Amino acid sequence: MMKRLKITIIAVLSLVTILAFKQYEQNRVIVNKSFSFGERVEYRVHYGFINAAEARVEIAKNISVVNNKPCFKINVTGRTTGAFDLISRVRDNWRSYVDTVAIVPQMFYLNIQENKYRKEETIVFNHDRDQAVSTVKEETKTFKTPNNIHDIISGYFYLRTINFDRVAEGDIIEVPTFFDGEVYKLRIRYVGKDVIKTKFGRIRVLRLNPLIPDNKLFKGEGAVKLWVSDDTNKIPLKAEVELAVGSLEMDIKSVKNLRKELAWY
């Protein structure tokens, strides 16, 4: 009798602990000193000396409310330029409404125009039920997701809140991400600190290595290299992508309304 009672108490305590932890995770508060309303960063993408594309990451100046939560409205746009625009025309628009407290997405929208390919999708996240509800055209599907799931934009902004002074070189950070109807882990290896030269001057950076599965387009798992500012902003300043043939590079073109001025020297 006593043994059975002991097992029951342990089981109940374990269940309470799990539920309490889950409730905490659902109502998490992430300290964000890295970004705020009105931030705007533009990039130039080039293949050797040839301009290939341009991209812009912009946080709206005003707060948005989605699922009764105050959110950052974050737009990411990308388009090909010059000769690349004649070969492969791209006009992509991605948008995430990121909870200002928990730094998780409440809604995600994409509008892809790549040559003749078109896709428009809206995803509403229900974090209380761990669900993502995707609507493409008039078809709606509901997907089961892990607790505190991210989209590809919110995952990047969440990474900006991490204190890398507490991350050891070589450590891999994993962020559960929902994209194209699937859940996968965004995996980023912290390589260490460095100094790079840009058109604005030299600056201290953190070196990150997004890990991607082997495929025919990229040259190995570590084909993508990223340099972000070694400060509270943690904005990407430079990226290199090693392709099966040649490589693409991305450099910062302009920046406005950061929470803290970049320390060029």
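Model, not experiment: these values are computed from the prediction. Sequential numbering from 1 along the given sequence is applied to the chain's residues.
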Do [X] and [Y] have side-chain atoms, one donor and one acceptor, less than 3.5 Å apart?
| X | Y | value |
| --- | --- | --- |
| Asn75 | Arg95 | yes |
| Ser96 | Asp151 | yes |
| Asp99 | Gln106 | yes |
| Arg44 | Asn51 | yes |
| His46 | Asp251 | yes |

Counting N and O atoms only, with roles assigned by atom type, does the side chain of [X] sit under 3.5 Å from a partner on the main chain of [Y], one being a donor and the other an acceptor?
| X | Y | answer |
| --- | --- | --- |
| His127 | Pro105 | yes |
| Ser34 | Arg160 | yes |
| Asp92 | Gln113 | yes |
| Asn67 | Lys69 | no |
| Thr177 | Val175 | yes |
| Ser247 | Val241 | no |
| Asn209 | Val224 | yes |

How long is the gap from [atom1] on [X] to [atom2] on [Y], to the nearest 0.5 Å?
| X | Y | atom1 | atom2 | answer |
| --- | --- | --- | --- | --- |
| Asn163 | Thr232 | CG | OG1 | 11.0 Å |
| Lys256 | Leu258 | NZ | CG | 12.0 Å |
| Phe35 | Lys234 | CZ | NZ | 10.5 Å |
| Lys260 | Leu262 | NZ | CG | 9.5 Å |
| Tyr43 | Ser254 | OH | OG | 9.5 Å |
| Ile203 | Asp194 | CD1 | CG | 12.0 Å |

Is any side-chain heavy atom of [X] less than 4.5 Å from a side-chain heavy atom of [Y]?
| X | Y | value |
| --- | --- | --- |
| Arg259 | Asn32 | yes |
| Val136 | Glu120 | no |
| Trp264 | Thr198 | yes |
| Ile188 | Leu159 | yes |
| Arg187 | Ile173 | no |
| Ile149 | Asp130 | no |
| Val228 | Leu208 | yes |

Check ion pair [X]-[Y] (N to O, under 4.0 angstrom):
| X | Y | result |
| --- | --- | --- |
| Glu249 | Lys238 | yes |
| Lys33 | Asp231 | no |
| Glu242 | Lys225 | yes |
| Lys119 | Asp180 | yes |

**Q.** Residue list, side-chain hydrogen bond (donor to acceptor under 3.5 Å, both in side chains) with Lys185, at least two apart or on another chain
**A.** Glu174
Q | Ser134: side-chain hydrogen bond (donor to acceptor under 3.5 Å, both in side chains) partners, not counting sequence neighbours | A | Glu121
Q: Pick out which of Tyr184, Phe108, Phe143 makes a ring pair (Phe, Tyr, Trp, His ring centres under 6.0 Å) with Phe178.
A: Phe143
Return a table of donor-acceptor pairs under 3.5 angstrom between the side chains of residues 55-64 and protein atoms on other chains or two or more places apart.
none

Please report the shortest heavy-atom distance between [X] and [Y], naming the atom on each side.
| X | Y | value |
| --- | --- | --- |
| Tyr190 | Val167 | CE2-O, 3.4 Å |
| Ala52 | Phe84 | O-CB, 3.5 Å |
| Val104 | Asn148 | CG1-OD1, 4.0 Å |
| Phe72 | Ser36 | CE2-CA, 3.9 Å |
| Ile252 | Lys199 | O-CD, 4.1 Å |

Q: Report yes or no: is the cationic atom of Arg28 (NZ for Lys, CZ for Arg) under 6.0 Å from the centre of the six-membered ring of Tyr158, at an angle within 45° of the ring normal?
A: yes
Q.
Check whether Tyr265 forms a cation-pi arrangement with Arg204 (NZ or CZ under 6.0 Å from the six-membered ring centre, at most 45° off the ring normal).
A. yes
Q: Step through the shown structure and confirm whether more than 12 heavy atoms of other residues, nucleotides or ligands are within 6.0 Å of CZ on Arg118.
A: yes
Q: Scan Thr77, Asp85, Asn111 and name whichever one has a side-chain hydrogen bond (donor to acceptor under 3.5 Å, both in side chains) with Arg91.
A: Asp85
